[in-house]
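Here is the structure we will look at, set down as structure tokens.
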Amino acid sequence: MMKLKIPQLSLSILSLLLWGVLGIMAIANFTPPALALDYNKEILIEADFSGRDLTDSSFTKANLRQSNFSNSNLTGVSFFAANLEAANLEGTNLTNATLDSARLIKTNLTNAILEGAFAANAKFDGAIIDGADFTDVLLRPDEQKKLCKVAKGTNPTTGRDTRDTLYCP
């Protein structure tokens with residue numbers, strides 16, 4: 001009389017199902033979405049995050065001086081009170097990012113999209129903003145005036161003029 005072990009049979013079936021799902025994902029070239037990462041309070045001076053999808057990640061109070069985020073997806077990222085001095089944010093998507101109290105001094109924001117970002121109390125002294133899109137960005141009036149003095153160009157992705165998105169006179 002053959003005795004069938006139910007737990008062993010269940011394990012075999014689950015294993016086959018798992019391999020089947022993995023095989024289908026490989027055939028369909030499925031890439032899982034990026035997981036949000038936590039870099040809060042980290043010292044990441046001169047770190048290279050270029051070309052990465054960092055959606056919803058958090059860099060709260062991180063030291064990111066001279067770091068490279070060029071051409072990265074930073075949608076929903078928190079840079080609350082982060083030091084982004086002389087960082088490269090060229091061509092980044094900062095849609096709905098939190099930049100409140102961040103230091104963006106001498107930061108390269110060329111062709112960046114900051115649509116809907118929260119940047120109250122952010123410092124942009126000496127920032128390069130050629131072609132940046134500031135649509136619906138919450139800024140302090142004094143920072144907005146400083147940015148208007150150097151604002152020029154049109155964002156290649158959104159087609160919006162930097163001065164128009166900052167409501168420059």
Side-chain angles (χ1 to χ4, degrees), residues 30-169:
F30 175 78
T31 306
L35 297 174
L37 302 170
D38 181 351
Y39 294 101
N40 296 336
K41 299 181 182 176
E42 296 283 337
I43 298 172
L44 299 164
I45 297 169
E46 297 180 355
D48 186 3
F49 292 98
S50 60
R52 304 244 329 251
D53 184 353
L54 296 165
T55 301
D56 295 327
S57 294
S58 184
F59 293 87
T60 296
K61 297 183 180 178
N63 188 348
L64 299 159
R65 195 174 67 239
Q66 298 176 332
S67 291
N68 184 6
F69 287 92
S70 62
N71 302 307
S72 290
N73 183 2
L74 303 173
T75 302
V77 167
S78 174
F79 284 116
F80 177 80
N83 181 3
L84 289 157
E85 186 175 344
N88 184 1
L89 296 171
E90 183 173 353
T92 58
N93 182 353
L94 287 155
T95 301
N96 297 321
T98 299
L99 300 168
D100 189 33
S101 299
R103 289 181 45 142
L104 294 142
I105 297 167
K106 297 181 182 174
T107 300
N108 182 359
L109 289 162
T110 303
N111 298 328
I113 301 170
L114 295 99
E115 188 170 352
F118 182 74
N121 296 316
K123 294 286 186 191
F124 291 91
D125 299 343
I128 302 164
I129 61 166
D130 300 351
D133 184 341
F134 285 87
T135 300
D136 297 328
V137 174
L138 182 61
L139 292 166
R140 283 187 3 206
D142 60 324
E143 288 297 318
Q144 185 251 355
K145 285 179 186 175
K146 277 190 233 175
L147 291 172
C148 281
K149 288 180 182 177
V150 297
K152 63 182 177 182
T154 302
N155 187 280
T157 304
T158 65
R160 297 181 188 130
D161 183 74
T162 301
R163 293 186 59 75
D164 291 344
T165 64
L166 284 166
Y167 299 106
C168 297

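For reference, positions follow the sequence shown, starting with 1.
- Residues forming a side chain to side chain donor-acceptor pair (under 3.5 Å) with Thr154 (at least two apart in sequence, or on another chain): none.
- In this structure, the side chain to side chain contact (heavy atoms under 4.5 Å, CB included) partners of Asp48, at least two apart in sequence or on a different chain, are Ser50, Asn68.
- Between Leu37 and Leu54 there is a side-chain heavy-atom pair separated by less than 4.5 Å.
- Just one of Asn63, Ile105, Leu64, Ile43 meets the side-chain contact (heavy atoms from CB on, under 4.5 Å) condition when paired with Asn83; it is Asn63.
- With respect to the salt-bridge test (charged N to carboxylate O, under 4.0 angstrom), the residues Arg163 and Asp161 do not qualify.
- In this structure, Leu94 and Leu109 have side chains that are in contact, with non-hydrogen atoms separated by less than 4.5 Å.
- In this structure, Ser57 contributes its side chain and Asp38 its backbone to no donor-acceptor pair below 3.5 Å.
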side-chain contact (heavy atoms from CB on, under 4.5 Å) between Leu74 and Phe79, intermediate numbers included
CA-CA 10 Å; Leu74 303 173; Phe79 284 116; 4.1 Å; yes
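- The side chain to side chain donor-acceptor pair (under 3.5 Å) search around Asn108 returns Glu90, Thr110, not counting sequence neighbours.
- Glu42 meets the side chain to side chain contact (heavy atoms under 4.5 Å, CB included) test with Tyr39, Leu44; sequence neighbours excluded.
- Separation of atoms OG (Ser67) and CG (Leu89) is listed at 9.0 Å; rounding is to 0.5 Å.
- The salt bridge (charged side-chain N to carboxylate O under 4.0 Å, His left out) pairs that include a residue from residues 61-89 are Glu85-Arg103, where partners are two or more places apart or lie in different chains.
- Checked against ring pair (Phe, Tyr, Trp, His ring centres under 6.0 Å), Phe118 has no partners two or more places apart in sequence or in another chain.
- When side chains are defined from C-beta on, Thr75 does not count as touching Asp56, because their heavy atoms never get closer than 4.5 Å.
- Side-chain atoms of Thr92 do not come within 3.5 Å of backbone N or O of Ala112 as any donor-acceptor pair.
- Ser78 is linked by a side chain to side chain contact (heavy atoms under 4.5 Å, CB included) to Ser58, Thr60, Phe80, Thr98, counting only residues two or more places apart in sequence or in another chain.
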Exercise answer: donor-acceptor pairs, residues 120-130 side-chain atoms, under 3.5 Å, sequence neighbours excluded:
from: Asp125; atom 1: OD1; to: Lys146; atom 2: NZ; distance (Å): 2.7

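- One distance of note links CG of Asn71 with CZ of Phe49; it measures 15.5 Å at 0.5 Å rounding.
- Applying the side chain to side chain contact (heavy atoms under 4.5 Å, CB included) rule to Asn96 yields no partners; only residues at least two apart in sequence or on another chain are considered.
- Applying side-chain hydrogen bond (donor to acceptor under 3.5 Å, both in side chains) to Asp133 and the options Asn155, Thr95, Thr158 leaves one that passes, Thr158.
- Sorted by first then second residue, the ring pair (Phe, Tyr, Trp, His ring centres under 6.0 Å) pairs that include residues 140-169, not counting sequence neighbours, number zero.
- For Pro156 against Asn111, the heavy-atom pair with the smallest separation is CD-OD1, 3.2 Å.
- Applying the side chain to side chain donor-acceptor pair (under 3.5 Å) criterion to Glu115, with sequence neighbours excluded, gives Arg160.
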Checking Asn93 against Leu114 for the side-chain contact (heavy atoms from CB on, under 4.5 Å) test, could you report, in this order, the C-alpha distance in whole Å, the side-chain angles of both residues, the deciding distance, and whether it holds?
CA-CA 7 Å; Asn93 182 353; Leu114 295 99; over 6 Å; no
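- Scanning for salt bridge (charged side-chain N to carboxylate O under 4.0 Å, His left out) contacts around Arg52 gives an empty result, with sequence neighbours left out.
- Taking SG from Cys168 and CD from Gln144, the interatomic distance works out to 6.0 Å, rounded to the nearest 0.5 Å.
- In this structure, CZ on Phe134 lies 7.5 Å from OG1 on Thr162, to the nearest 0.5 angstrom.
- Here the side chain of Asp164 pairs no donor or acceptor atom with the backbone of Leu166 at under 3.5 angstrom.
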